[in-house]
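Before any comments, here is the structure.
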2 protein chains.
Amino acid sequence: MSKAPPPKPTDSELEILHVLWQHGPATVRVINDHLSQRRQAEVGYTTTLKILQLMLEKGLVRRDDADRSHVYRAAVREQETQGLLLDKFVDAAFGGSALKLVMQALGSRQTSADELAQIRRLLNDIEIQNSTANSDDDEHA
Amino acid sequence: MSKAPPPKPTDSELEILHVLWQHGPATVRVINDHLSQRRQAEVGYTTTLKILQLMLEKGLVRRDDADRSHVYRAAVREQETQGLLLDKFVDAAFGGSALKLVMQALGSRQTSADELAQIRRLLNDIEIQNSTANSDDDEHA
DNA sequence: AGATTATTACGAAATATTTCGTAGATAAGG
DNA sequence: CCTTATCTACGAAATATTTCGTAATAATCT
């Protein structure tokens, strides 16, 4: 009885997680520099520090405080976190229909031929999985 | 000079918009009943009223106050609103990559054969549009 | 009419999130 | 050693969102 899954990150927390996922473990200074670049305005150093401290309490990051400048790293995986957020978002914005979301994402923006090809490959993979999983239905073939 | 596009709805506002999109114009009472059902706990009547009043100011809903019980209706379209939210979400959660979002949505959940077929149709449509839109490049053919 | 009920308007408390200032400690430079 | 810079911890202000209580008004019922 010790598992309390980390909660859904807030917007700021997610922004920090992006930095950690892409950059790897980093100090507050490094993270803050990245955030400041990503936005128009400077981000206060202690603002970033504070959010990281809150994230630590929530279990979203871990830290190594061996040195004076603590080093933070993500404690949640990118894909899992995105999956969690996606579930919530599908519910909130698309009434739970992932299909509608995909249709909207593909329909209302320009998608390159290369990306379309990737999606087709994924569709093929999924159908193969579906058919092997359903082999009871198909056994006559 | 009179266009101020309605802002991104909050979570509660979106929940109300869902009711209005599905049910059509409705009174506070009706909307509140729907919300109360959708959740575990009762929602205070004046809570719903208050949010609707704020939504009115923001231009997210319109109201007919001819009768004593005002009738509210959505002032933003479902698809447009979802598109707006999707853009923000793709940026925040997937670093701007709609492709990643689609892959995640399709990959990490079960998708029926019927849904897969719908997506294939959409992909075909998009490719046709891409090729006719690019006819400048292809005119030599 | 008088009492009860339903409704709107409005202020403000409750909650969540973001932001920053200040204090204290530690390191680094001169 | 003293000054300056950097860092952490912490409190709290600023902002956004949600929730609800109260008062005023209008409709309904007996």
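So that the names make sense, note that chain A is the first sequence line, chain B the second, and so on, each numbered from 1.
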Using whole Å, report how far [atom1] of [X] lies from [atom2] of [N].
X	N	atom1	atom2	answer
A:Leu14	C:dT18	CG	C1'	15 Å
B:Lys50	D:dT22	NZ	P	16 Å
B:Met55	C:dT8	CE	P	15 Å
B:Leu56	C:dA9	CG	P	9 Å
A:Tyr72	D:dT8	OH	P	6 Å
A:Leu49	C:dA23	CG	P	17 Å
A:Glu13	C:dT17	CD	P	7 Å
B:Asp33	C:dA6	CG	C1'	13 Å

### Query
Donor-acceptor pair, B:Asp64 side chain versus B:Ala66 backbone, under 3.5 Å?
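A pair under 3.5 Å: yes.
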### Query
Under 3.5 Å, side chain of A:Gln82 to main-chain N/O of B:Leu101, donor-acceptor pair present?
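No; zero donor-acceptor contacts below 3.5 Å.
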Can you find a side chain N or O atom of [X] that sits less than 4.0 Å from OP1 or OP2 on [N]?
X	N	answer
A:Thr47	C:dT18	no
B:Thr10	D:dT18	yes
A:Gln53	D:dA9	yes
B:Ser12	D:dT18	yes
A:Arg29	D:dT8	no
B:Tyr45	C:dT8	yes
A:Arg68	C:dA25	no
B:Ser69	C:dT7	yes

### Message
At 4.0 Å (heavy atoms only), tell me whether A:Asp65 reaches a base, stays on the sugar-phosphate, or touches nothing.
### Response
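Nothing, no heavy atom under 4.0 Å.
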### Task
Find the distance between CD1 (B:Ile16) and CG (B:Leu60) and round it off to the nearest 0.5 Å.
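It is 10.0 Å, given to the nearest 0.5 Å.
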### Query
When you measure from the side chain of B:Ile51, which nucleotide among D:dT19, D:dT8, C:dT19 comes out closest?
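Of the candidates, D:dT19 comes closest.
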### Query
Of the nucleotides D:dT19, C:dT19, D:dT8, which one has an atom closest to the side chain of B:Arg39?
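Side chain of B:Arg39 sits closest to D:dT19.
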### Message
For the NZ atom on B:Lys58, are there more than 12 heavy atoms of other groups (residues, nucleotides or ligands in this structure) within a distance under 6.0 Å?
### Response
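Check passes, neighbour count above 12.
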### Message
Looking at B:Asp11, I'd like to know if its CG atom is crowded, meaning that more than 12 non-hydrogen atoms belonging to other residues, nucleotides or ligands lie closer than 6.0 Å.
### Response
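No.
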### A:Thr10 vs A:Leu54 side-chain heavy atoms within contact, under 4.5 Å
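In short, these two side chains do not touch, never coming nearer than 4.5 Å.
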### Query
More 5' along DNA chain D: B:Lys58 or B:Val43, using each one's nearest nucleotide?
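The residue closer to the strand's 5' end, by nearest nucleotide, is B:Lys58.
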#### Entry: 5' precedence on DNA chain C between A:Lys8 and A:Thr46 (nearest-nucleotide basis)
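Here A:Lys8 is the residue nearer the 5' end.
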### Query
Knowing that exactly one of A:Asp65, A:Val30, A:Leu52 qualifies, which makes a side chain to side chain contact (heavy atoms under 4.5 Å, CB included) with A:Tyr72?
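Exactly one option meets the side chain to side chain contact (heavy atoms under 4.5 Å, CB included) with A:Tyr72, and it is A:Leu52.
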### Query
Which residues pass the ring-ring contact (aromatic ring centres under 6.0 Å, His included) test with A:His70, sequence neighbours left out?
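For A:His70 there are no ring-ring contact (aromatic ring centres under 6.0 Å, His included) partners, ignoring immediate neighbours.
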Might you list the N or O atoms of the protein lying below 3.5 Å from N or O atoms in nucleotides 28-30 of chain C, with each pair's distance?
none

